[in-house]
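Data first, discussion second: the structure below is written as C-alpha cells.
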Number of protein chains: 2
Amino acid sequence: MKGQLRNKRTVTSYDVARLAGVSQSAVSRVFSPDASVSDAMTRRVREAADQLGYRPNRLAQAMITGRSRIVALVVAHFENQFFSEAFERLALELQARNYHVLTFMAADVAGKTDQVIEELLDYRVEGLITASVGLSNELTRAINDADIPIVMFNRSQDHPDLSGVSSDNVTGGRAVADYLLQSGCRRIAHIAGWHGASTQRDREAGFLAGLAAAGHTLFAREVGDFHHDQAESATRRMFATATRPDAVFVANDHMAFAVMDVLRHDLGLRVPEDVSVIGYDDVPMARWKSYNLTTVRQPVRRMVSATVDLLLDRIAAPDAEAQRLVFEGQVVERGTVRRPD
Amino acid sequence: MKGQLRNKRTVTSYDVARLAGVSQSAVSRVFSPDASVSDAMTRRVREAADQLGYRPNRLAQAMITGRSRIVALVVAHFENQFFSEAFERLALELQARNYHVLTFMAADVAGKTDQVIEELLDYRVEGLITASVGLSNELTRAINDADIPIVMFNRSQDHPDLSGVSSDNVTGGRAVADYLLQSGCRRIAHIAGWHGASTQRDREAGFLAGLAAAGHTLFAREVGDFHHDQAESATRRMFATATRPDAVFVANDHMAFAVMDVLRHDLGLRVPEDVSVIGYDDVPMARWKSYNLTTVRQPVRRMVSATVDLLLDRIAAPDAEAQRLVFEGQVVERGTVRRPD
DNA sequence: TTGAAAGCGCTAACAC
DNA sequence: GTGTTAGCGCTTTCAA
C-alpha cells in the first residue's frame with residue numbers, strides 16, 4: 001500500500017530513445033540548441049519525449065557542461081523597497097535569459113558572508129551578484145580562485161578589480177547639497193546609513209564637498225544605519241537640541257520615511273515648512289502622497305539590466321576584465337524641500 | 001597570455017584522495033554526515049581537503065542522491081511588502097536548514113505559471129512553494145506526477161489535496177465587519193483585490209457574512225486587484241458619489257495605503273473622522289505613523305515557519321498526506337477606524 | 001546525420 | 001573502517 005507511489009523513476013533520455021527507436025545521443029542532440037539533426041529525427045524524438053513527458057535534467061547537463069544556469073544572489077535583507085524591487089527585476093531578467101536566481105541571505109555580520117559564499121560555490125553557480133554586502137579580501141580571492149564571475153550591485157570601490165554597477169553617489173550627494181542650499185536651507189543635517197557601505201561614504205562625501213564648496217558645514221549628524229527604527233531614534237536625538245536643523249539629508253528613502261514620521265507625528269513639525277527632508281533612491285513609495293518625498297533617483301531598472309548584462313557577458317567571456325558601470329542619479333523634486341524664498 | 005587563467009579545473013574528491021593517500025570513497029565518507037570513518041582518516045582527509053580548498057560538488061551529490069537541496073519558490077511580485085517580508089524569512093529559514101531558494105517569477109497570466117513550473121522541474125528541485133499564485137488543474141497533476149512536494153503559501157482551497165498554509169481569512173473578514181459595525185460605521189464599502197485569489201474571496205465572504213449577520217449590506221464595492229495604482233482609481237470612483245461610505249474595508253494593506261492617500265490628499269477627507277479605513281495583513285509599514293493603519297494581522301513568521309516545516313517534512317516523508325494549516329488572524333487596533341460614539 | 005563509448009564528480013552497495 | 005565498483009542522466013568526442 002504504502003511505498004506504492006514511491007520510486008516514481010524520472011524519465012531519462014534512454015527511455016525516450018528506446019521508445020523512438022534511436023540512440024540516446026540522438027535524443028540529447030534534439031534537445032541541444034545547436035544540434036545537427038534531421039527533421040525526421042527531431043520529429044520522432046520530440047513525439048516520444050512528449051508522450052513520456054521527458055525534459056532534460058539540468059543537473060546532469062550542468063555536470064558535464066559545467067553550466068548550471070544558476071546565478072547566486074547574496075543580499076542582506078529586503079526591508080528596503082529598493083532591494084525588493086531590484087530583486088524582482090533581477091529575477092525577471094535572468095529568467096528571460098534562461099537563468100535563475102538562487103538566493104543567499106547574508107547579514108552584515110563578520111564572517112557570515114564568507115560562510116555563505118562557500119555554500120554558494122558548492123552549487124557551482126555560474127555567477128554571483130552581491131547586493132549591498134561587503135566582501136572581505138580573502139573572500140574576493142576565494143571567488144577569483146573559484147573563477148566565478150561576480151558583479152557587485154549598488155556598491156563601488158570596495159574592490160576596484162571586481163565588476164560593479166552603481167550610480168554616482170558622490171555626484172548625487174553633491175547635488176543634494178546644492179539643491180538644499182539653493183532652496184535656502186542653512187542649518188543642514190545628515191542622517192547617515194551604515195558607514196561600511198560605499199554608498200553611504202560616497203553620498204556623504206559628495207554632500208560634504210558640496211556644502212564646503214559653498215562655504216558651509218554640516219549642522220548636525222546622526223547615524224541610522226539604514227534601518228527604519230534606528231533612523232527614528234536618530235531623528236529624535238538630532239531634534240532634541242535648542243536650535244534645530246532646517247533641513248536633513250537622509251542617506252536613503254527607507255530611512256527618510258521614518259524621519260518624516262517622527263518629525264511630523266512625534267515632534268509636530270511641518271515638512272517642508274519647518275524642516276526640509278531629502279532622501280536617496282527614489283523607491284516607488286517615495287511618490288506616495290503621504291510622503292511625496294524629494295529624493296535622488298537611482299535608476300534601478302537600468303542598473304539591474306546592466307548588472308545582468310555584465311554578469312552574463314563575463315560568464316560568456318570569463319577573461320574579460322572587470323568593469324564598473326556608473327549611472328547618473330538626479331534630484332527628483334517633490335514636496336519635502338521648501339521652495340527658495 | 002589569454003587563456004592562461006582559463007580551465008581552472010575544479011578540485012575533486014580524487015585530488016584530495018591522491019594527496020591524502022586514501023581512496024576516493026574515503027573522502028566522500030568524510031564529507032558525509034553519517035559516515036563511518038576513523039578519526040585518523042577524518043584528519044588526514046580534512047587536511048588534504050583544506051590544503052586543496054576542496055568542497056563537495058552539490059550538483060554531483062544531487063545527481064546520485066536525488067537531493068538537490070534546492071527549493072523552488074513561485075511568486076508573482078514583491079510590490080507588496082507582505083511578500084518581500086515572507087520571502088526574506090523563507091530564505092533565511094531554509095538556509096538554516098541547509099536548503100536554498102531558487103526563485104521563479106510567474107505573473108498571474110494564463111499559461112505563465114505552467115511554463116515556469118516546467119522549467120523549475122528541470123532543476124530537480126526537492127520541493128515547491130507557491131506564494132499567492134494560482135495553479136491550474138493540469139499543473140497540479142504534473143506536479144503530482146513529478147512527485148514533488150508542494151505547499152501553497154497564503155492560498156487556500158484552490159486544491160484541497162495540496163498542502164497549504166494560510167490564515168483564516170473568512171474569520172478575519174468577519175472580524176472586520178464586526179469591528180466596523182461596533183465602531184458605529186454604517187455605510188460600509190469594500191475595495192477588493194484580485195477575485196482569482198482565495199484570500200480575496202475568503203476575506204470578502206467572511207466580511208459580507210458578518211455584515212449580513214448584523215442585518216447590514218455592503219454600501220459600495222470597487223476592485224483594486226491588489227495593486228497600488230488600481231486601488232487609487234477604485235477609491236476615486238467609489239467616492240465620486242453624493243453620499244459616501246463612512247468606512248472602507250480594503251482587501252490588503254498594500255492597497256489600503258493607496259486608499260488613504262487618495263482620501264486624504266486628493267479628496268481632502270480625514271481618516272478616521274470622515275471615513276474609517278481598515279486593511280489586511282499587518283505589514284511592517286502599517287504601523288508607520290503616517291498610516292497607523294488598523295488592520296488584520298497575518299502572522300507571517302509563523303506562517304513561513306509552518307510552510308518550511310510542512311515542506312521539509314513532506315520531502316522527508318513523501319507519502320504523508322497533504323496538510324492545510326490555518327492560522328488565526330486578529331484585528332490590530334490602530335488609528336484609522338473611528339472610535340464608537 | 002547518427003551511434004558507441006567515455007566520463008562529469010559524486011554516493012552507495014559490496015567485499016574485505 | 002576502508003577500498004572497489006557501478007552507476008546518477010547527461011554531453012561530447014570519435015567513427016561510421
Side-chain angles (χ1 to χ4, degrees), chain A residues 7-46 48-49 52-70 98 121-126 146-147, chain B residues 7-46 48-49 52-70 98 121-126 146-147:
Chain A
N7 289 328
K8 204 173 281 184
R9 226 178 44 72
T10 62
V11 7
T12 74
S13 53
Y14 280 100
D15 302 326
V16 178
R18 195 172 315 118
L19 179 61
V22 301
S23 77
Q24 177 271 336
S25 28
V27 177
S28 173
R29 284 196 196 92
V30 170
F31 283 91
S32 297
D34 23 49
S36 180
V37 249
S38 65
D39 288 7
M41 174 67 84
T42 306
R43 246 191 316 278
R44 281 176 71 180
V45 169
R46 284 236 118 90
L52 262 31
Y54 168 80
R55 309 199 96 220
N57 182 331
R58 283 221 159 167
L59 265 29
Q61 287 181 317
M63 283 271 356
I64 138 95
T65 61
R67 321 208 58 196
S68 58
R69 306 218 69 101
I70 296 178
N98 202 17
L121 258 18
D122 298 346
Y123 282 100
R124 300 310 190 255
V125 299
E126 286 191 54
D147 203 26
Chain B
N7 290 327
K8 204 174 282 184
R9 226 177 45 71
T10 61
V11 5
T12 74
S13 52
Y14 279 99
D15 301 327
V16 178
R18 194 172 316 116
L19 179 61
V22 301
S23 78
Q24 178 272 334
S25 32
V27 178
S28 174
R29 283 197 196 92
V30 169
F31 284 91
S32 296
D34 23 49
S36 180
V37 250
S38 64
D39 289 6
M41 174 66 86
T42 305
R43 248 193 314 280
R44 280 175 72 181
V45 169
R46 284 236 119 89
L52 262 30
Y54 168 81
R55 309 200 95 220
N57 183 332
R58 282 218 161 171
L59 264 29
Q61 287 181 316
M63 283 270 0
I64 137 94
T65 61
R67 322 208 58 196
S68 59
R69 306 216 70 99
I70 296 178
N98 201 17
L121 259 18
D122 298 346
Y123 283 99
R124 300 310 191 256
V125 299
E126 287 191 53
D147 204 25

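Protein chains get the first letters and strands the later ones, always in sequence-line order, with residue 1 at the start of each.
Backbone-only contact: Tyr54(B) has heavy atoms under 4.0 Å from sugar-phosphate atoms and none from a base. Residue Val22(B) is classed as a sugar-phosphate contact, given heavy-atom separations below 4.0 Å to backbone atoms only.
Rounded to a whole Å, the CE atom of Met63(B) is 17 Å from the P atom of dG7(C). At whole-Å resolution of the value, CG in Asn57(B) and C1' in dC8(C) are 9 Å apart. One interatomic measurement links the two molecules: CG of Leu59(B) to P of dT11(C), which rounds to 12 Å at whole-angstrom precision. Nucleotide dT11(C) holds its P atom 11 Å from the CG atom of Asp34(B), rounded to whole Å. Per the geometry, CZ belonging to Arg18(A) stands 16 Å off C1' belonging to dG3(C), to the nearest Å.
Distance check, rounded to the nearest 0.5 Å: OG of Ser32(A) to CD of Gln61(A) gives 7.5 Å. Rounded to the nearest 0.5 Å, atoms OG (Ser13(B)) and CZ (Arg55(B)) are 14.5 Å apart. Taken to the nearest 0.5 Å, the OG1 atom of Thr12(B) stands 9.0 Å off from the CG atom of Leu52(B). One finds the CZ atom of Arg44(B) at 11.5 Å from the OG1 atom of Thr42(B) (value rounded to the nearest 0.5 Å). Rounding to the nearest 0.5 Å places CG of Asn57(A) at 11.0 Å from CE of Met63(A).
For residues 36-44 of chain A, proximity to DNA chain C is found at Ser36(A), Val37(A), Ser38(A), Met41(A), defined as any non-hydrogen atom under 4.0 angstrom from a strand atom.
Close to dC10(C), at under 4.0 Å from its OP1 or OP2, lies no side-chain N or O of Gln61(B).
Panel note: side chain Arg58(B), backbone Asp122(A); no donor-acceptor pair is recorded below 3.5 Å. The main-chain N or O of Arg124(B) is found under 3.5 Å from a side-chain atom of Ser68(B) such that the two form a donor-acceptor pair. With Gln24(A) contributing its side chain and Tyr14(A) its backbone, the two residues share no donor-acceptor pair below 3.5 Å.
Arg46(B) forms no cation-pi arrangement with Tyr54(B), by the criterion of a distance under 6.0 Å to the ring centre and an angle within 45° of the ring axis.
First and last contacts of DNA chain D with chain B, using any nucleotide atom under 4.0 Å from a protein heavy atom and ordered 5' to 3', fall at dG1(D) to dG9(D).
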**Request:** Let me see the working for Ile70(B) and Ile70(A) under side chain to side chain contact (heavy atoms under 4.5 Å, CB included), right down to the final yes or no.
**Result:** CA-CA 11 Å; Ile70(B) 296 178; Ile70(A) 296 178; 4.2 Å; yes

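When all heavy atoms of Ala62(B) and Leu59(A) are compared, the pair lying nearest together is CB-CD2, 3.7 Å.
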Which atom pairs link the protein and nucleotides 12-16 of chain C when you take only N or O atoms and keep those under 3.5 Å?
unit_1: dA13(C); atom_1: N6; unit_2: Arg29(B); atom_2: NH2; d: 3.3

